[in-house]
Amino acid sequence: MARNPVTWLGSPTFPKAAHKALADTQLRQNLRKATGTIRGRRAAAVAEMTDWEQLRVAGEQIKNDVLARLDTLLVQLEESVTARGGVVHWARDAEEANRIVLDLCREEQATEVVKVKSMATAEIGLNEALEAGGVHAVETDLAELIVQLGDDRPSHILVPAIHRNRSEIREIFQRRMGVEVSDEPADLAEAARVHLREKFLTTKVAISGANFAVADTGSIVVLESEGNGRMCLTLPDTLITVMGIEKLVPSWQDLEVFLQLLPRSSTAERMNPYTSVWTGVTPGDGPQRFHLVLIDNGRTATLRDSVGRQALRCIRCSACLNVCPVYERTGGQSYGSVYPGPIGAILTPQLVGDMRDPQAASLPYASSLCGACFEVCPVRIDIPSVLTHLRAEAVEAKGRTAESVAMAAAAWMFKEASRYEKAQRAGALARFLARDGRITSLPWPGSRWTSSRDAPAPPSESFRAWWRRNRG
Amino acid sequence: MASAREEILQRIRDARVPAAEPVVRGYRDTGPGGVELFAERVADYRAVVHVVTDVPEALDRLRGKRIVVPPDVPAEWLVDGVEWLHEPLTIEELDRSDGVLTGCAVAIADTGTIVLDGGVAQGRRALTLLPDHHLCVVRADQIAASVPEALHRLEPTRPLTFISGPSATSDIELNRVEGVHGPRTLEVLVIT
Ligand code: SF4
């Protein structure tokens, strides 16, 4: 089987990559500023909701139901989409998905396509596969465009260029667009508007992802901010949507939960500027050819793991990245995957599906198990539990002594003595490495990071209490 | 060899995921609602809101402009002094216009959102996308209190666009900046 492109070929293990990233002060500064801003705003957006916890529980339950009935719901989705004039394709892995999309582009004789930001297509390395097949994919989301023009890699699931500050973006735009522009965000946005306008008006094929697909109606939902999504979903003749098989909700009513959870969790808004919903093809309005490509690419293998499968509830809001003290310091690229941060630490190794892969096996160690990710997750994914579970798997697969694995993973953070002095004083290192080498207690004193965590609306039970109850 | 479809479905069945507990919808399905809350929340997105009693009067501001209208635009909206652009219009014509005037299907007070469904006085989706200025008329009775109420009123198989403020991005240092690809000005006329 071909390797899963969810991790980047040749990426070092997390500790190695993180060690390098820690030395990059500009990166740390950019990330601290950006994640600090969004943390505060998210907390305010969530505090406004008196029923946030009830929404989270419903979100969790709906997604659990989807995973329990996934086969039936997928067949139902296929029927509804087909009945409304769409064509459904199935792909076992990245290679198969990329071939399907490339063939569809060739059928339309397209040499250039416009794209709406999509994690699924990033995960399967679609742009590279299309390029190799002679089709150029133009990213239209501002942050994706910054990454694409900068020949860079993404570092965040919502804002892939979060590691770039305004002056770096200005430099990339001037160099690649050949325009004079200031470093004012409004001017940078304007430059992107001008740069892409012609493409939107003339390109015949668009590729998108999907935030949700409603099984019983066949409706596909995309949330966005800039209007680039609407452009791609409305103006071209042909629309190809690539979607992970877990992105379903059973019914239209279920969306009322996610349309409340997602915007507040991701961009800290009551509602994102634009949400588009379409069902197959509508005569006289929008693309007249619609293809839906459903991809597995490691998801069914993840589904087999009774602890790990909850990662498939993820709605890619990125709240867990924004609160993660490890992510804030190492940046997203250290994770060597399009899925960085806490969700990446549990999803990526499962999608790779091979714990003998040292890079994938190092990812569950990219965490201090502080629990902030669980507290903010809108679908209540218990990331710390899955991390611990996957660490055990990594140890087993490796056949090395447990201690050596844990040590290697922990080494990077303790090397910077002064930075983590506080942690050591608190005896965290000793507790970090329990006798059997498993991580069995909460390392790192929370103080440093709890102060920067967004405070309100934790679940009824704090992570510490939960930990005591489950691990105590 | 089994098809990809069969193989994926089989793998899902082989995973033997146990049935899930029933979904408890303990969240609120309504809210205070009302014109005032809606107007306030729309304004929070830096959209322009006018609460008015009469549409034609409020349209005076469009004098001298070239404004797109949907095919079934109410006749009384077509006030004098404005160059009204009627369908069929090409993409280029839409792009070169000064703005577009439409109604909506539903609005949401809680979130300051307008929803278009291609129904009465709305036209196809491109109409409200390419012009740089979108004027949207919302009747007070179209305002749902909450997201659940709004979804309940909508027909999911129609092409839907939820609009909350003008086009924006949070991609530069995670700060919201208005005005990228969609209309840079959103003006909402609430009719009471
Ligand atoms: S794991 Fe939860 S918090 Fe993290 S991106 Fe997914 S849904 Fe959001």
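A note on names: the letters A, B, ... follow the listed sequences, proteins ahead of strands, and every chain is numbered from 1.
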Measuring from atom CG of A:Leu261 to atom CD of A:Glu256, what distance do you get when rounded to the nearest 0.5 angstrom?
11.0 Å
dist B:His134:NE2 -> B:Ile114:CD1 (nearest 0.5 Å) comes out at 6.5 Å
Interface moiety of [X] toward chain A, non-hydrogen atoms closer than 4.5 Å:
{"X": "B:Ala19", "answer": "backbone"}
{"X": "B:Val17", "answer": "both"}
{"X": "B:Thr90", "answer": "neither"}
{"X": "B:Asp110", "answer": "backbone"}

Should B:Glu6 and B:Gln10 count as side-chain neighbours, where that means a heavy-atom distance under 4.5 Å?
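With C-beta onward as the side chain, the pair stays apart.
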Can you tell if the side chain of A:Leu233 reaches within under 4.5 Å of the side chain of A:Arg230, non-hydrogen atoms only?
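Side-chain contact under 4.5 Å: no.
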I'd like to know whether the aromatic ring centres of A:Phe258 and A:Phe212 sit less than 6.0 Å apart in this structure.
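Between A:Phe258 and A:Phe212, the centre distance is under 6.0 Å.
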So for [X], is it side chain, backbone, both, or neither that comes closer than 4.5 Å to the heavy atoms of chain B?
{"X": "A:Leu74", "value": "side chain"}
{"X": "A:Glu226", "value": "both"}
{"X": "A:Arg309", "value": "side chain"}
{"X": "A:Thr267", "value": "side chain"}

Residue from B:Pro183, B:Gly165, B:Gly112, B:Ala168 scoring the most non-hydrogen pairs under 4.5 Å with chain A is B:Ala168
Tell me, out of A:Lys33, A:Arg84, A:Glu190, who's got the most heavy-atom pairs with chain B below 4.5 Å.
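Highest number of pairs under 4.5 Å: A:Arg84.
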Listed partners of B:Pro74 passing side chain to side chain contact (heavy atoms under 4.5 Å, CB included), at least two apart:
B:Glu76, B:Trp77, B:Ala121
